[in-house]
Amino acid sequence: MTEDPTTASGLYGISAAARLSGVGEQALRLYERKGLLTPVRTAGGTRRYTDDDVTVLRRVAALLADGLNLTGARRVLELEADNDRLRLRIAELTD
DNA sequence: CTTCTAACA
DNA sequence: TGTTAGCA
């Protein structure tokens with residue numbers, strides 16, 4: 001446990017999220033504007049990235065490296081989310 | 001930290 | 001189209 005209890009919950013500022021994901025801060029803001037990501041905002045308007053957001057960021061980086069543009073990456077994320085929901089549904093039915 | 005503008009590949 | 005630098 002090298003982490004502070006307040007940060008161990010997986011809530012990061014934009015600079016921390018950028019370091020963890022390897023994506024630049026400006027790019028993070030662009031991804032949000034394009035609808036790939038929706039980090040929560042504090043009352044003051046500062047973004048709060050969760051661990052899940054960082055995971056998505058890594059997915060996006062891999063997708064872009066595969067030659068997709070941001071719109072395509074957004075679609076893939078949608079489909080993957082649907083896919084996960086379907087897998088869960090199948091698991092329920094196959095019990 | 002935020003948003004915007006502009007330049008570049 | 002997407003990234004980056006600089007400004008306010």
Side-chain angles (χ1 to χ4, degrees):
Chain A
M1 288 102 168
T2 61
E3 284 154 335
D4 188 306
T6 57
T7 60
S9 52
L11 226 47
Y12 313 105
I14 193 169
S15 62
R19 268 185 286 105
L20 293 173
S21 65
V23 178
E25 299 182 12
Q26 207 78 316
L28 292 184
R29 298 186 180 107
L30 180 65
Y31 295 172
E32 179 182 12
R33 208 160 63 81
K34 291 285 186 174
L36 276 76
L37 219 63
T38 311
V40 297
R41 299 292 194 120
T42 64
T46 59
R47 297 171 176 80
R48 277 298 189 242
Y49 292 87
T50 65
D51 264 335
D52 280 352
D53 288 332
V54 174
T55 300
V56 169
L57 250 12
R58 294 212 175 99
R59 284 292 300 121
V60 171
L63 262 19
L64 295 180
D66 278 346
L68 292 167
N69 59 19
L70 294 183
T71 304
R74 194 186 77 81
R75 291 287 299 257
V76 170
L77 292 177
E78 282 178 5
L79 294 173
E80 284 180 344
D82 283 348
N83 205 290
D84 286 343
R85 279 184 37 245
L86 292 173
R87 285 181 191 280
L88 203 63
R89 182 64 180 140
I90 289 172
E92 291 171 357
L93 295 176
T94 53
D95 274 340

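Each chain gets a letter, A, B and so on, in the order the sequences are listed, and its residues count up from 1.
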**Prompt:** Below 4.0 angstrom from OP1 or OP2 of dT3(B), is there any side-chain N or O of Arg47(A)?
**Reply:** yes

**Item:** Interatomic distance where CG belongs to Asn69(A) and C1' belongs to dA9(B) [whole Å]
**Value:** 16 Å

**Message:** Rounded to whole Å, how long is the line connecting atom CG of Leu64(A) with atom C1' of dT1(C)?
**Reply:** 11 Å

**Request:** Would you please say whether a donor-acceptor pair under 3.5 Å links the side chains of Thr55(A) and Asp52(A)?
**Result:** no

**Message:** Heavy atoms from C-beta onward define the side chain here; which of dT3(B), dC1(B), dT3(C) lies closest to that of Ala27(A)?
**Reply:** dT3(C)

**Rounded distance [0.5 Å steps], CG in Leu57(A) versus CG in Asp51(A)** = 11.5 Å

**Carboxylate-amine/guanidinium proximity below 4.0 Å for Arg89(A) and Glu92(A)** = yes

**Message:** Measure CZ/Arg33(A) against P/dT5(B) and give the value in whole Å, please.
**Reply:** 10 Å

**Touch class at under 4.0 angstrom, heavy-atom based, for Leu30(A) against every strand present** = base

**Request:** Find the distance Lys34(A):NZ to dT3(C):C1' and express it as a whole number of Å.
**Result:** 13 Å

**Message:** Tell me whether the side-chain N/O atoms of Ser15(A) come closer than 4.0 Å to OP1 or OP2 in dC1(B).
**Reply:** yes

**Request:** Any strand is fair game: report the nucleotide pairing with dT3(B) by Watson-Crick or G-U wobble, both distances under 3.5 Å, or none.
**Result:** none

**Prompt:** Going through the checks in order, is the side-chain contact (heavy atoms from CB on, under 4.5 Å) test met by Val60(A) and Leu37(A)?
**Reply:** CA-CA 10 Å; Val60(A) 171; Leu37(A) 219 63; 5.8 Å; no

**Message:** Categorize Arg41(A) for me: base, sugar-phosphate, or nothing, with a 4.0 angstrom heavy-atom threshold over every strand shown.
**Reply:** sugar-phosphate

**Message:** Of the options dT1(C), dT5(B), dT2(B), whose atoms approach the side-chain atoms of Ile14(A) most closely?
**Reply:** dT2(B)

**Asked** Taking only side-chain nitrogens and oxygens of Tyr31(A), does any of them come within less than 4.0 Å of OP1 or OP2 of dG2(C)?
**Response** no

**Asked** What is the distance from CD of Glu32(A) to P of dC1(B), rounded to the nearest Å?
**Response** 14 Å

**Asked** With a 4.5 Å limit on heavy-atom distance, are the side chains of Leu77(A) and Val56(A) in contact?
**Response** yes

**Prompt:** Does dC7(C) have a Watson-Crick or wobble partner in any strand here, with both distances under 3.5 angstrom, and which is it?
**Reply:** none

**Prompt:** Counting any heavy atom closer than 4.0 Å, what does Arg29(A) reach on the DNA or RNA strands: base, sugar-phosphate only, or nothing?
**Reply:** base

**Asked** Looking at dG2(C), does its base get a donor-acceptor pair with the side chain of Gln26(A) below 3.5 Å?
**Response** no

